[in-house]
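One-based numbering along the sequence shown.
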Amino acid sequence: VEADRELERQEHLATVGRMRRLMPLAVVLWMGFFFVDWVLATWVVPGPLLPYLGLRLLGVLPILASWWRLTHGPVPSPRLLAGLDLAMTSSSATILSAMCLLSGGLTSPYATYITMVIAGRAASTPDHWRTGMVRLGVPALASPVVLALALPLSPTLQAQLADAGARGTY
């Protein structure tokens with residue numbers, strides 16, 4: 001029993017260390033994808049760029065806050081680490097879902113980026129399937145929830161849901 005606790009402690013410390021090292025990369029990638037936002041807003045789905053920048057800045061805040069917490073103060077407990085992880089991944093998926101609304105709804109290229117966030121999280125911090133189901137399931141549900149909330153306000157989404165071709169692209 002004591003050996004199991006020590007193994008869990010060592011695994012937790014390794015996960016904290018891995019997350020500490022990955023946070024700068026997460027910030028650079030998140031903000032670096034603003035170039036993709038610019039390309040999409042300029043040529044693919046023409047529209048104003050400022051909302052994308054606002055969403056990018058909003059989305060980087062949970063990442064920066066988590067990075068700060070991971071590098072300052074005592075090692076976070078497993079529960080706090082799980083909360084930081086869930087907040088970062090879920091907020092990223094939610095922001096990308098909002099970007100879907102700006103760039104074509106169901107046919108938006110941002111829908112695939114949500115998958116990239118979830119896959120990147122799964123690859124960087126492996127979990128037991130029961131834990132992973134929650135930590136990856138909640139962010140995976142962010143997009144359908146955002147789109148469902150936007151549906152009454154968006155004639156574009158309503159039309160897309162009536163179109164089998166548009167439904168098939170999502």
_Using 0.5 Å steps for rounding, measure from the CD atom of Glu8 to the CG atom of Leu13._
12.0 Å

*Report yes if some heavy atom in the side chain of Leu147 is under 4.5 Å from a heavy atom in the side chain of Ser154; otherwise report no.*
no

*Could you please spell out the steps behind the ring-ring contact (aromatic ring centres under 6.0 Å, His included) verdict for Phe33 and Tyr113?*
CA-CA 10 Å; Phe33 266 84; Tyr113 300 146; 5.7 Å; yes

_Testing the basics here: between Ile63 and Ala26, what is the closest heavy-atom pair and its distance to 0.1 Å?_
CG2-CB, 4.0 Å

*Side chains of Leu101 and Leu157 in contact at under 4.5 Å (non-hydrogen atoms)*: yes

*Decide side chain to side chain donor-acceptor pair (under 3.5 Å) for Arg69 and Ser66; before the verdict, give the C-alpha distance in whole Å, the side-chain angles of both, and the deciding distance to 0.1 Å.*
CA-CA 5 Å; Arg69 176 53 188 91; Ser66 297; over 6 Å; no

*Closest approach of Asp37 and Tyr52, non-hydrogen atoms and distance?*
CB-CB, 3.9 Å

_Gap between atom CG of Leu22 and atom CE of Met88 - 0.5 Å precision_ = 9.5 Å

*Nearest-0.5 Å distance that lies between atom OG in Ser97 and atom CD1 in Ile114*: 3.5 Å

*Is there a side-chain contact between Leu106 and Thr156, using heavy atoms and a 4.5 Å cut-off?*
no

*When rounded to the nearest 0.5 angstrom, what is the spacing between CG in Leu49 and CZ in Arg56?*
10.5 Å

*Could you label the plane-to-plane angle of the Trp43 and Trp38 rings as parallel, tilted or perpendicular, counting under 30° as parallel and over 60° as perpendicular?*
perpendicular

*How long is the span from the CE atom in Met99 to the CG atom in Leu40, to the nearest 0.5 Å?*
10.0 Å

